[in-house]
Enquirer: 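I have a structure here, written as structure tokens, and I will follow up with some questions on it.
Numbering of ligands and ligand atoms starts at 1, following listing order. In this text the structure is predicted, and so the values were computed from the model without any measurement.
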Amino acid sequence: VTAVAGAVFLSLGLASAPVQAGNPVFPGWYADPEAAVFDNTYWIFPTTSAAYEDQTVFDAFSSKDLVNWTKHPGVLTNAAVPWAKKAMWAPAVVENKGKYYFFFGANDIQSDEEFGGIGVAVADKPEGPYRDLIGKPLVGKFHNGAQPIDQFVFKDDDGTWYMIYGGWKHANIVKLKDDFTAVVPMADGTLFKEITPAPEYVEGSLMFKRNGKYYYMWSEGGWTGPDYAVAYAIGDAPTGPFKRIGKILQQDDKIARGAGHHSVIHTPDDSWYIVYHRRPLGDNTRDHRVTSIEHMTFDAQGHILPVKITHE
Ligand code: FUB
């Protein structure tokens, strides 16, 4: 794929170019959208977000153009994850050696004594069906106070797979075994490192590399409130340290509330998109969130410019 709308259609060899997708990009309550590109197709894997009790099923959405989306219902359900007794949410999905891996948070653990954490499921196709990979969470403890949720899986240029995760204002990074069946020690023998990028950090970690720099993005503010927002920092290594640059996505009182928990698409022609959730104006139901996409741009110094949320 290359850029959104017209350019995407050209790169995929399709005939005509639609103007642009409307926001939200598909109907339904869907939060924490994880965007991916697999085999010239865009994918979004969101949390099913009508109500916490219903977060036992993941749907996925695919598109050739970021405009027309096909729903793939029930790509992963808690029936395929015997240890996930309660909700599952906030996917991270990657391809590795021809298989697709779906990381998720499950059971909403609040303490070290409860069972839950970050799980991983595997499938032969992006649309699943995914099945639990190791029969238990990959990370199931709080360690330094980082709630084991909101994982993001990042492959560095040297082929090392990292998982960054953490809610409750702490973020950790771990190194994953190549087949994703375990967390393995880092070079210094430690199993995790805290990399909380800034005091404002709350949840929703994401990392990408651009021009040799590591961009660490996250959500800050209250996840149900008006101050929920996406901010970012820049560092020279995936383990930091990071320098907070600032907020780049937040609500617009005229468009939608609570914009956050995002992911990013980088296309081969160097276009960038931010995929995030937000709350419709006038609906205060806690879990009612919808998925939207905006362009994301950089200035000449490599700083991300503020994103304007739109209905377009
Ligand atoms: O969807 C459940 C929670 O809401 C996620 O873990 C947070 O990031 C927030 O988006």
Enquirer: Taking the six-membered ring for Trp, are Tyr42 and Tyr273 closer than 6.0 Å centroid to centroid?
Expert: no
Enquirer: Under 3.5 Å, side chain of Thr47 to main-chain N/O of Ala90, donor-acceptor pair present?
Expert: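 Side chain of Thr47 to backbone of Ala90, a donor-acceptor pair under 3.5 Å: yes, one is there.
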Enquirer: Is Lys97 close to Asp179 at the side-chain level, that is, under 4.5 Å between some pair of heavy atoms?
Expert: no
Enquirer: Please tell me if the side chains of Phe104 and Gln55 come closer than 4.5 Å, counting only heavy atoms from C-beta onward.
Expert: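 When only atoms from C-beta onward are counted, Gln55 and Phe104 do not touch, as no gap falls below 4.5 Å.
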Enquirer: Please determine whether a side-chain nitrogen of the Lys or Arg among Lys86 and Glu114 lies less than 4.0 Å from a carboxylate oxygen of the Asp or Glu.
Expert: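 Not counted as a salt bridge, because no side-chain N and carboxylate O are separated by less than 4.0 Å.
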Enquirer: Going by atom types alone, do Thr160 and Lys155 pair a side-chain donor with an acceptor below 3.5 Å?
Expert: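 No - no donor-acceptor pair under 3.5 Å links their side chains.
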Enquirer: Can you list every protein residue that has a heavy atom under 4.0 Å from any atom of ligand 1, sorted by chain and residue number?
Expert: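 Those residues closer than 4.0 Å to ligand 1 by some heavy atom are Asp32, Trp89, Ile149, Asp150, Glu203, Trp223, Tyr228, His261, His277, Arg289.
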